[in-house]
There are 2 protein chains.
Amino acid sequence: MTNLPAHHSNDVDDCAFRSFLDRVADKWSLLLIVTLENAPKQRRRFSELKKSVPGISQRMLTTTLRNLERDGLLVRHFFPEIPPRVEYELTTLGKNLMCPIGELVQWIRQNWTTITNARNEFDKNNMAKSTGVKEC
Amino acid sequence: MTNLPAHHSNDVDDCAFRSFLDRVADKWSLLLIVTLENAPKQRRRFSELKKSVPGISQRMLTTTLRNLERDGLLVRHFFPEIPPRVEYELTTLGKNLMCPIGELVQWIRQNWTTITNARNEFDKNNMAKSTGVKEC
DNA sequence: TCACTTAGTTACCTTGAGGGAACCTATGAC
DNA sequence: GTCATAGGTTCCCTCAAGGTAACTAAGTGA
């Protein structure tokens, strides 16, 4: 998601909405938020997060955490020990965000079979024209 | 957003959630859904959509519409006239989706200044280390 | 002296998303 | 004959997201 063209005609809030989604609506951000929310005491160390979110690279873990911190959704507690220890924790804002996210998850859960059925139907009618979508 | 590694340890619904967001949580999909929802009679022609969502390329418009259709979020009404006429319309499912999306929009609207303040604060403290984020 | 620890940073490289422009279809108007 | 029209499709090319691997700090234990 890049910048808007200057002449766009949509709602002013589009900017906020899109800018926010740009940050949060990706694989790793959401997984990290959910993982932190489910964590005991809602805190997790860097290495714990790496284990809890398999497949994430160290680079993406740091950059995603940094971005979430930048948005005020989590705080980074740094303990200057050797070896260093860092704990990540959702802020009130971050926990707060889980409400609408939860609503969305609920909606998807309720409608997921409808959607997959629609996809199958569509794919059948369009005779396996590749859509670039993989099952997981 | 790509596939999950086979060994992931998270909730089963992660797949649905991520797969769905993968499809819907991008710039063009959301803008098209909102545009269709705001349209009179909730219908729009291809060319109208192109005007209503400035900046979208023809290619992205078609592929995004195709994907939304595949998910059963909208229907494509094709009139075999010359020149051809096509109208896109949100399905019940698509309109339905606007509820949780609306909640999220509400949340962002309410917390947007908090977030931008957090960003500014963070950027100030981190002395303009580039985060790759542009204002819009 | 060496290996090992955590939480990163940096450099390098690959892949795919997406932009731009040309092309396509059939018909009616000029 | 050729232009325009609506709704696409196709090709090419770029740029940036993100993966991998190597490097770092500073202390501890063998």
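Here is how names work: the chains are called A, B, and so on, in the same order as the sequence lines, proteins then strands, and each is numbered from 1. What you are looking at is a predicted structure, and each value in this text was computed from that prediction instead of being measured.
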Touch class at under 4.0 angstrom, heavy-atom based, for Gln58(A) against every strand present: base
For a quick test of reading the model: is some side-chain N or O of [X] closer than 4.0 Å to OP1 or OP2 of [N]?
{"X": "Thr62(B)", "N": "dG7(D)", "value": "no"}
{"X": "Arg76(A)", "N": "dG8(C)", "value": "yes"}
{"X": "Arg66(A)", "N": "dG8(C)", "value": "yes"}
{"X": "Arg45(B)", "N": "dG7(D)", "value": "yes"}
{"X": "Tyr88(B)", "N": "dG8(D)", "value": "yes"}

Euclidean distance, atom CZ of residue Phe78(A) to atom P of dA7(C) [Å, nearest integer]: 10 Å
Spacing between Asn67(A) atom CG and dG8(C) atom P, to the nearest angstrom: 14 Å
CA sep, side-chain torsions, deciding dist, call: Asp26(B), Ser29(B), side chain to side chain donor-acceptor pair (under 3.5 Å): CA-CA 6 Å; Asp26(B) 66 302; Ser29(B) 296; 2.6 Å; yes
Within 45° cone of Phe79(B) ring axis and under 6.0 Å: Arg85(B) NZ or CZ: yes
Contact check, side chains of Leu68(B) and Thr64(B), non-hydrogen atoms, under 4.5 Å: yes
Heavy-atom side-chain contact between Asp123(A) and Arg70(B) under 4.5 Å: yes
Val34(B) versus Met98(B), closest heavy-atom pair with distance: CG2-CE, 4.3 Å
Check: Arg44(B)/Ser52(B) side-chain N/O donor and acceptor closer than 3.5 Å: yes
Rounded to 10 degrees, the angle between the two terminal axes of the helix from dA7(C)-dT24(D) to dC30(C)-dG1(D), each from five pairs: 10°
